[in-house]
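Heads up: numbering here begins at 1 and tracks the sequence. Side chains included, hydrogens not; waters and symmetry mates left out as well; all remaining heavy atoms used.
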Amino acid sequence: MPIPEDAQRLLLESDLVYMVGIKGTGMAALAEILTERGVTVTGSDIAETFYTDQLLKAAGVRYYEGFDAANVEANAGLLVYSAAYDPSSHPEIVRGRSLELPILSYTEALGVISRMQPSLGISGVHGKTTTTALVAVMVQALGLPGSVLAGSALPDVGGRATLVQGGDFFVAETCEYRRNFLSFSPGAIVVTNVEADHLDYFRDAADVSDAFVEYGRRLPHGGALIFCADDAGAVGVADRLRGERPDLEFIPYGTKAAGPYAVESVKKGSGEITFCLGDDLFSLHVSGGHNVMNAAAAVAAVEWILRSHPVPDARRLIISAVSAFHGTR
């Protein structure tokens with residue numbers, strides 16, 4: 001289905017946006033963001049209870065339990081559907097088409113939002129949810145005027161999957177499956193790692209890598225690629241893009257990185273992992289050494305945002321936010 005030319009207006013100015021599969025984590029988070037921006041949202045999902053039921057109800061979103069073509073209201077300005085459902089056969093999406101409603105997939109809707117303000121996409125086969133969550137707690141601690149959308153509930157932002165503090169920038173977890181992240185329009189991209197995964201869709205590891213390179217090509221002139229220097233797949237993507245896009249900024253992080261996001265002096269203690277970025281000591285209280293890399297990625301991402309939104313004593317606030325981080329659902 002072609003994306004409507006006026007998709008941005010439809011997404012933000014429709015009297016009603018109807019969402020098929022509204023209990024999915026990403027869909028519920030999108031509903032939260034739209035509601036925060038003054039849009040009336042409704043929708044439907046299966047009757048089983050999910051943690052997102054509570055999030056949707058807290059946001060004041062009313063929805064149907066169970067799918068039925070009759071649920072779709074003729075006065076809806078836009079229908080958004082979850083990638084979990086086949087748009088050619090799902091009864092509500094078919095009903096929306098018969099009513100000649102404009103229709104977007106979740107990833108297309110996310111892409112529309114990404115084009116409204118400077119945006120940063122967080123990607124990787126593993127680690128993107130935690131990295132996005134760490135970005136959210138830093139953005140919250142710094143009081144930055146932007147929004148963050150993660151793929152899980154975040155205990156540190158009230159159990160929601162989103163943090164909405166303004167519309168000056170947008171950070172979102174973006175997924176490689178079915179090349180969904182190619183709907184997103186980033187000014188910067190984080191790549192945590194790249195390896196063979198989702199082999200029901202991708203042919204092999206090389207096909208996965210090709211998708212990430214294609215995502216990197218979406219960066220504008222002067223855009224930034226923030227990548228893990230400890231991951232061969234992420235390094236491979238960065239190397240390929242360097243050959244094609246000398247206009248991009250490449251920001252490595254990790255124990256094999258040079259520069260401001262070189263991870264050093266990693267020490268594991270009882271319930272704590274400490275590490276250094278430059279002269280600054282960080283402390284994490286979530287398990288797993290891989291979270292040191294996720295934290296370094298998040299610091300690099302947030303400090304890229306801070307170039308346009310400086311905050312006094314920002315590094316101190318970032319260190320405190322990392323130390324207080326409680327992980328994701």
Side-chain angles (χ1 to χ4, degrees), residues 25 120-139 148-157 161 171-177 181 188-199 202 205 208-209 211-212 215 225-239 250-278 280-304 318-329:
T25 298
L120 186 151
I122 297 180
S123 68
V125 172
H126 304 295
K128 55 184 174 286
T129 299
T130 301
T131 301
T132 309
L134 280 155
V135 168
V137 299
M138 295 178 201
V139 167
V148 183
L149 183 152
S152 179
L154 311 179
D156 296 306
V157 296
V171 180
E173 178 178 339
T174 58
C175 184
E176 74 280 0
Y177 186 54
F181 53 17
I189 294 172
V190 172
V191 179
T192 59
N193 78 315
V194 180
E195 62 185 46
D197 197 18
H198 300 305
L199 295 181
F202 291 109
V208 178
S209 181
F212 279 88
Y215 189 29
L225 185 80
I226 302 165
F227 68 97
C228 182
D230 290 34
D231 182 78
V235 171
V237 168
D239 287 346
F250 293 88
I251 305 173
Y253 66 89
T255 62
K256 296 181 179 179
Y261 304 107
V263 174
E264 299 176 331
S265 305
V266 179
K267 296 180 181 178
K268 297 180 181 180
S270 178
E272 180 184 46
I273 304 173
T274 60
F275 64 97
C276 291
L277 291 179
D280 293 318
L281 179 66
F282 286 76
S283 175
L284 265 172
H285 296 92
V286 291
S287 61
H290 59 282
N291 282 320
V292 171
M293 297 297 137
N294 295 333
V299 173
V302 169
E303 292 188 342
W304 180 82
I318 288 171
I319 291 170
S320 177
V322 171
S323 179
F325 180 62
H326 291 97
T328 69
R329 182 182 175 90

Do Val194 and Phe227 have side-chain heavy atoms sitting under 4.5 Å apart?
no

Could you tell me the separation between the CD1 atom of Ile226 and the CG atom of Leu120, rounded to the nearest 0.5 Å?
5.5 Å

Could you tell me whether the side chain of Asp156 and the main chain of His326 form a donor-acceptor pair under 3.5 Å?
yes

Which heavy atom of Gly151 sits nearest to which heavy atom of Thr129, and what is that distance?
C-CG2, 4.2 Å

To the nearest 0.5 Å, what is the distance between CE (Met293) and OG1 (Thr130)?
14.0 Å

Just by distance, do the side chain of Ser123 and the backbone of Val190 share a donor-acceptor pair under 3.5 Å?
yes

dist Tyr177:OH -> Asp197:CG (nearest 0.5 Å) comes out at 10.0 Å

Would you find a donor on one side and an acceptor on the other, under 3.5 Å apart, between the side chain of Thr174 and the backbone of Ile122?
yes

Asp230 and side-chain contact (heavy atoms from CB on, under 4.5 Å): which partner among Thr255, Val263, Val292?
Thr255

Heavy-atom closest pair (Val125 atom, Thr192 atom, distance to 0.1 Å) is N-OG1, 4.4 Å

About how many Å separate CD1 of Ile189 and CD1 of Ile251, when rounded to the nearest 0.5 Å?
12.0 Å

Say you draw a straight line from CG of Leu154 to CZ of Phe325; how long is it, rounded to the nearest 0.5 Å?
7.5 Å

Under 3.5 Å donor-acceptor, Ser209 side chain and Ala205 backbone:
no

What closest approach, in Å, do Cys276 and Ser265 show between heavy atoms, and which atom pair accounts for it?
SG-CB, 4.2 Å

For the pair Asn294 and Leu134, evaluate side chain to side chain contact (heavy atoms under 4.5 Å, CB included) and give the outcome as yes or no after the intermediate values.
CA-CA 8 Å; Asn294 295 333; Leu134 280 155; 4.0 Å; yes

For the CG atom of Leu277 and the OH atom of Tyr253, what is their distance to the nearest 0.5 Å?
11.5 Å

Check whether any side-chain N or O of Asn193 sits under 3.5 Å from a backbone N or O of Gly124 as a donor-acceptor pair, and report yes or no.
no

